[in-house]
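In what follows, a structure is listed as structure tokens, so that the remarks can point back to it.
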Protein chains: 2
Amino acid sequence: MKASPRPYHHGNLRQALLSAGERAIESAGVLHLSLRELSRELGVSHTSPRRHFADKQALLDALALHGYERLGAALARAARDHGQPFNVRLTKVARAFVSFAIQHPAMLGLMFEAKHRADAPRELLEAGENAFAHIFGVFTSGQATGAVVAGDPHRLALVAFAALQGLVTLSTNGKFKGASLNVLIGEVIERIILGLRPRD
Amino acid sequence: MKASPRPYHHGNLRQALLSAGERAIESAGVLHLSLRELSRELGVSHTSPRRHFADKQALLDALALHGYERLGAALARAARDHGQPFNVRLTKVARAFVSFAIQHPAMLGLMFEAKHRADAPRELLEAGENAFAHIFGVFTSGQATGAVVAGDPHRLALVAFAALQGLVTLSTNGKFKGASLNVLIGEVIERIILGLRPRD
DNA sequence: ACCTGAACACCGTTCAAGT
DNA sequence: ACCTGAACACCGTTCAAGT
């Protein structure tokens, strides 16, 4: 077992730690991440991570940063067609977000925690802002075409995003007995659209 | 400092561990909870918790159970006036939930994780169901009076609850620059009500 | 019944040292 | 520059033993 050779000692240990770290948190949870075990897997001494990450938290922050970059790219792709109507664009970004969350639940948790930390690196905060700016943009253009009520677009986006965030939290916690997630996403999005419609 | 005497060795060590444990997770996070440190605080040996909790996870589960009982009681209180219109009842339960979440953020996280665990004790799952049944009840009576669209009330309640859950997640992660949480709660509730209104 | 102390197998982190 | 080994101060958990 563990068929991979070891192309390390070259300077790709940093990348190897990130990959192995992500796999570890998705399969066993952030709580059980062990630098020593990671080192064992990669066939290096347990002190070598120190060269690339000051401590365990630094590795987690680097993982979260990478997560925000990937989420941002996915949201940008979903929102890129500015010619489409609000409902379509919102549906696309919402599904992109939910899809990311379902595929990388531990990563998403890590990303939120990292942003929340008092001493979060500036880089991380910026990556987060950049990722969510793509959702925000859909709302401002929705207001421009009259599909969304007037008001502070940041607040409206936040309210809608909260619904998605909650859906994801509930779903990764397996709290859907029979209901398919795909159906629920559609329902949540529909309610958001109705809730944000200008009152006739 | 640490002015409390020690009325332990009586059989209240179990309760003392729960209290100290809750205080510890709210102030330092679940990750940093240490049974040995808890024992030190309480002036007992680090093996004595074993008598009351099989392991660390058992203590966390007991804390989560207690949390669900308190949340359930708060939601029941908020929802008890069945004569009030849907909007009023929904607002009350929503504010009760958000209020609990703000006051006990680490506890709420623990509660969700505990329910999610594959080997979660039956007792815990039941306490969770009981707590959320009070929110569910508001939706079924909302449908009865025509304030809420027809459809599976479980799904509708889930959709609305997701929005609250997301608001709470976002708020405990401090992602509200200027906006007051109280204002945002009101906005979320309003959007939920509008989103669930029957289409005339 | 309830608590203790020694012991075991793990951690993260530091430091002097090797190539 | 990058990695190593010994060492330190912590964990959770087990077990034989004390009252």
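Keep in mind the model is a prediction, meaning the values are calculated, not measured. Hydrogens, waters and symmetry mates are skipped; everything else that's a heavy atom, side chains included, is used. Below, chain A is the first sequence line, B the second, and so on; all start at residue 1.
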Exercise. Taking only side-chain nitrogens and oxygens of R50(A), does any of them come within less than 4.0 Å of OP1 or OP2 of dT14(C)?
Worked result: yes

For this session: Taking only the side-chain nitrogens and oxygens of R40(B), find out if one of them lies under 4.0 Å from OP1 or OP2 of dC11(D).
Result: yes

Problem set entry | Atom-pair distance (CD on E37(A); P on dC10(C)), nearest Å | 10 Å

Exercise. CZ of R14(B) versus P of dC2(C): gap in Å, rounded?
Worked result: 11 Å

Exercise. Are OP1 or OP2 of dC3(D) and a side-chain N or O of S45(A) less than 4.0 angstrom apart?
Worked result: no

Seminar exercise, completed: In whole angstroms, the gap separating C1' of dG12(D) from CD of Q57(B) amounts to 13 Å

Problem set entry | H46(B) side chain to R36(B) side chain, donor-acceptor N/O pair below 3.5 angstrom | yes

For this session: Figure out the CD/P separation between Q15(A) and dC2(D), and round it to whole Å.
Result: 14 Å

For this session: Please state how far atom CG in D55(B) lies from atom P in dC10(C), giving the value in whole angstrom units.
Result: 17 Å

Problem set entry | Base-pairing mate for dC15(D) - Watson-Crick or G-U, with both contacts under 3.5 Å | dG5(C)

Exercise. Should R36(A) be listed as having a side-chain N or O under 4.0 Å from OP1 or OP2 of dG12(C)?
Worked result: no

For this session: Could you tell me the separation between the CG atom of N12(B) and the P atom of dC2(C), rounded to a whole number of Å?
Result: 11 Å

Exercise. Does the pair R122(A)/E126(A) count as a salt bridge with the N-to-O cut at 4.0 Å?
Worked result: yes

Exercise. Could you give the NZ-to-P distance, from K56(A) to dT13(C), as a whole number of Å?
Worked result: 8 Å

For this session: Verify whether one side chain among D61(A) and Q57(A) offers a donor that lies under 3.5 Å from an acceptor in the other.
Result: yes

For this session: With heavy atoms under 4.0 Å as the rule, sort L38(A) into base, sugar-phosphate or nothing.
Result: nothing

Problem set entry | Separation between CG of L75(A) and NZ of K92(A), rounded to the nearest 0.5 Å | 13.5 Å

Problem set entry | Distance below 4.0 Å between S48(B) side-chain N/O and dC2(C) OP1 or OP2 | no

Exercise. Which part of the nucleic acid does H46(A) contact within heavy-atom distance under 4.0 Å: base, sugar-phosphate only, or nothing?
Worked result: base

Exercise. Going by modelled atom types, is there a donor-acceptor pair between the base of dG5(D) and the side chain of T47(A) at under 3.5 Å?
Worked result: yes

Exercise. With both distances kept under 3.5 Å, what pairs with dC10(D), Watson-Crick or G-U wobble?
Worked result: none

Seminar exercise, completed: Of A54(B) and R51(B), the one whose nearest nucleotide on DNA chain D sits closer to the 5' end is A54(B)

For this session: Under 4.0 Å between any heavy atoms, over every strand shown, what does L59(A) touch: base, sugar-phosphate, or nothing? Just pick one.
Result: nothing

For this session: Only one of F139(A), F136(A), F132(A) passes ring-ring contact (aromatic ring centres under 6.0 Å, His included) with H154(A); say which it is.
Result: F136(A)

For this session: Could you check how far CG of L35(B) sits from P of dC11(C), rounded to whole Å?
Result: 18 Å

